[in-house]
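I have placed the structure first, in the form of structure tokens, so that the comments after it can refer back to it.
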Amino acid sequence: LLEEKMKRIISLIVVLVMVLALAACGQTEENVVNIYTDRHYDTDQALYDTFTQETGITVNVIKAGSDELLERLSTEGEETEADLIVTSDVGRLYNASEKSLTKAFDSATIEGNVPGHLRGKENQWTALTVRARVITYALDRVDPSELSTYEALTEPQWAGRVLVRSSSNIYNQSLLASFIALNGEVAAKEWAKGLVDNMARTPEGNDRDQMKAVVSGDGDVAIVNTYYLGKLLNSSDSYEVEVGEKIGVFFPNQDTNGTHINISGAALTKHGKNTDEATQLLEFLTGEKAQADYANANYEYPVNGSVEPSELLRSWGEFSIQDIDLSLLGKYNSDAVKVFNEEGWQ
């Protein structure tokens with residue numbers, strides 16, 4: 001009798017363990033967001049941790065290059081575990097949408113946080129941050145009154161003085177794509193050729209390297225994204241801080257069609273299983289607290305109009321942006337790559 005009673009108790013324990021395990025699995029399934037991201041900043045992980053603390057929703061992150069992640073998303077299809085794709089160029093989000101790898105979000109909160117020009121068609125993606133691609137210059141050798149537009153950098157006075165990274169860089173591809181959208185391919189080709197002719201050296205390195213080359217005297221001006229200067233000025237490396245302090249910021253094309261911007265943004269994946277949780281995360285990341293963290297810790301411009309840029313960004317001044325549909329940066333990306341190849345921009 002005792003043996004029979006023990007068997008029943010053991011059976012009850014086994015059943016209870018199974019029930020608890022299933023409940024735990026259910027809770028995990030319902031309280032998780034899986035992200036594919038090409039962003040590699042401590043700020044992002046800190047925000048994900050805060051989101052988990054506030055909501056109980058776990059954020060799992062897989063990091064890789066954006067092209068690799070999009071290829072993986074395409075290959076996985078309906079079997080993907082990714083709920084959200086985060087990447088640092090609108091062109092990639094556009095391509096993901098065109099390949100039916102994303103789906104629209106349905107959130108009045110996100111629409112209230114992010115203006116329409118920073119969201120994709122039918123809410124296929126949303127910006128999380130904004131970067132401006134500006135002209136930086138040597139404070140000791142260049143008077144900002146000499147600067148005006150991107151186009152003016154092709155003039156003879158800038159021969160051998162312009163620094164910029166390679167044509168394989170997505171930021172330059174999007175910049176040229178914006179010129180194609182605004183001025184047509186012929187004008188874009190003329191600009192690319194003129195800039196190649198005025199380059200101080202064959203393109204190499206990232207945006208920070210261009211500014212270091214300005215300070216070392218290899219060239220006098222560089223085309224870079226603003227947040228890279230923020231990274232220099234707040235670096236733990238004293239030399240990088242010194243470089244940043246010798247660089248000025250100029251927002252080009254203020255009297256014509258505005259300064260080029262790009263975004264870091266996110267989209268729900270088409271086959272994501274945790275859409276509600278992913279949408280909650282997007283609402284959090286576009287909210288005031290997260291936007292202030294992006295601005296102050298990562299030196300990116302907020303997309304939420306209720307949030308002020310950081311003190312550093314404000315010190316560079318206000319500027320007018322290009323008035324174009326950002327999706328065009330994706331639409332004309334292949335044309336931009338073709339122009340670069342034809343004009344010898346390495």
Side-chain angles (χ1 to χ4, degrees), residues 33-39 44 59 61-62 64-131 170-171 173-174 177-178 180-181 260-287 290-291 294 300-305 321-336:
V33 178
N34 298 313
I35 300 178
Y36 284 0
T37 180
D38 70 351
R39 284 175 60 94
D44 292 43
V59 180
V61 178
I62 293 178
S66 55
D67 293 335
E68 178 184 343
L69 290 173
L70 290 176
E71 180 61 30
R72 177 172 177 171
L73 196 60
S74 178
T75 301
E76 291 171 341
E78 295 182 8
E79 302 303 315
T80 188
E81 294 185 359
D83 303 302
L84 204 62
I85 180 78
V86 178
T87 186
S88 56
D89 179 79
V90 69
R92 290 166 175 147
L93 293 171
Y94 170 85
N95 289 337
S97 175
E98 289 294 294
K99 293 177 180 178
S100 297
L101 299 177
T102 66
K103 61 188 173 189
F105 61 81
D106 181 12
S107 170
T109 298
I110 299 172
E111 290 181 354
N113 289 341
V114 184
H117 72 280
L118 295 177
R119 287 184 272 115
K121 182 180 179 182
E122 298 178 351
N123 289 338
Q124 285 288 329
W125 52 263
T126 181
L128 299 177
T129 66
V130 168
R131 294 97 171 270
I170 191 67
Y171 304 142
Q173 292 173 9
S174 289
S178 75
I180 294 172
H260 172 74
I261 64 165
N262 206 324
I263 66 161
S264 182
L268 298 175
T269 63
K270 182 177 181 179
H271 300 295
K273 314 301 189 296
N274 305 292
T275 298
D276 290 343
E277 290 75 17
T279 301
Q280 287 183 59
L281 179 56
L282 286 181
E283 291 173 345
F284 171 79
L285 294 176
T286 58
Q291 287 290 298
Y294 280 134
E300 298 175 277
Y301 288 94
V303 299
N304 188 318
I321 66 173
Q322 283 180 343
D323 185 18
I324 62 171
D325 178 354
L326 290 179
S327 293
L328 295 176
L329 306 185
K331 179 179 179 179
Y332 292 115
N333 176 268
S334 59
D335 296 318

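All residue numbers in this chain count up from 1 along the given sequence.
Atom CG of L329 sits about 9.0 Å away from atom CD1 of I263, to the nearest 0.5 Å. In this structure, the separation between NZ on K121 and OG on S327 is 9.0 Å, given to the nearest 0.5 Å. Taking CD1 of I261 as the start and CD1 of I321 as the end, the distance is 4.0 Å to the nearest 0.5 Å. Here the straight-line distance linking atom NE2 of H117 with atom CG of D323 works out to 9.0 Å at 0.5 Å rounding.
Annotation for L326 and W125: closest pair CB-CH2, 4.3 Å, computed over non-hydrogen atoms. Nearest heavy-atom pair across V33 and A278 is CG2-N, 3.6 Å. Nearest heavy atom pair, residue S178 against residue I324, reads CB-CD1, 3.9 Å. Considering all non-hydrogen atoms of both residues, Q173 and A336 come closest at O-CB, 3.5 Å.
The closest side-chain donor-acceptor pair between Q322 and H260 falls under 3.5 angstrom.
Using a 4.5 Å cut-off on side-chain heavy atoms (C-beta onward), Y294 and L285 make contact. D67 is not listed as a side-chain neighbour of E71, based on a closest heavy-atom distance of 4.5 Å or more.
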Task: K331/L328 under side-chain contact (heavy atoms from CB on, under 4.5 Å): CA gap, chis, key distance, verdict - done: CA-CA 5 Å; K331 179 179 179 179; L328 295 176; 3.9 Å; yes
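Scored by the side chain to side chain contact (heavy atoms under 4.5 Å, CB included) test, D335 finds I180, E185, Y332 as partners (sequence neighbours excluded). Not a single salt bridge (charged side-chain N to carboxylate O under 4.0 Å, His left out) links E111 to another residue, sequence neighbours left out. Remark: N113 pairs with T109, T286, N304 by the side chain to side chain contact (heavy atoms under 4.5 Å, CB included) rule, at least two apart or across chains. Every side chain to side chain contact (heavy atoms under 4.5 Å, CB included) that E68 has, sequence neighbours left out, goes to A64.
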Please set out all donor-acceptor pairs under 3.5 angstrom arising from side-chain atoms of residues 81-94, sequence neighbours excluded.
from: D83; atom 1: OD1; to: K273; atom 2: N; distance (Å): 3.0
from: D83; atom 1: OD1; to: N274; atom 2: N; distance (Å): 2.9
from: D83; atom 1: OD1; to: N274; atom 2: ND2; distance (Å): 3.4
from: D83; atom 1: OD2; to: N34; atom 2: N; distance (Å): 2.9
from: D83; atom 1: OD2; to: N274; atom 2: ND2; distance (Å): 3.1
from: T87; atom 1: OG1; to: D38; atom 2: OD2; distance (Å): 3.0
from: S88; atom 1: OG; to: D38; atom 2: OD2; distance (Å): 3.3
from: D89; atom 1: OD1; to: S174; atom 2: OG; distance (Å): 2.8
from: D89; atom 1: OD1; to: N262; atom 2: ND2; distance (Å): 2.5
from: D89; atom 1: OD2; to: G91; atom 2: N; distance (Å): 2.7
from: D89; atom 1: OD2; to: R92; atom 2: N; distance (Å): 3.4
from: R92; atom 1: NE; to: S66; atom 2: OG; distance (Å): 2.6
from: R92; atom 1: NH1; to: S66; atom 2: OG; distance (Å): 3.2
from: R92; atom 1: NH2; to: S66; atom 2: OG; distance (Å): 3.2

Solution key, residues 97-106 side-chain donor-acceptor pairs under 3.5 Å, sequence neighbours excluded:
from: T102; atom 1: OG1; to: Q124; atom 2: OE1; distance (Å): 2.7
from: K103; atom 1: NZ; to: G272; atom 2: O; distance (Å): 3.4
from: K103; atom 1: NZ; to: T275; atom 2: OG1; distance (Å): 2.7

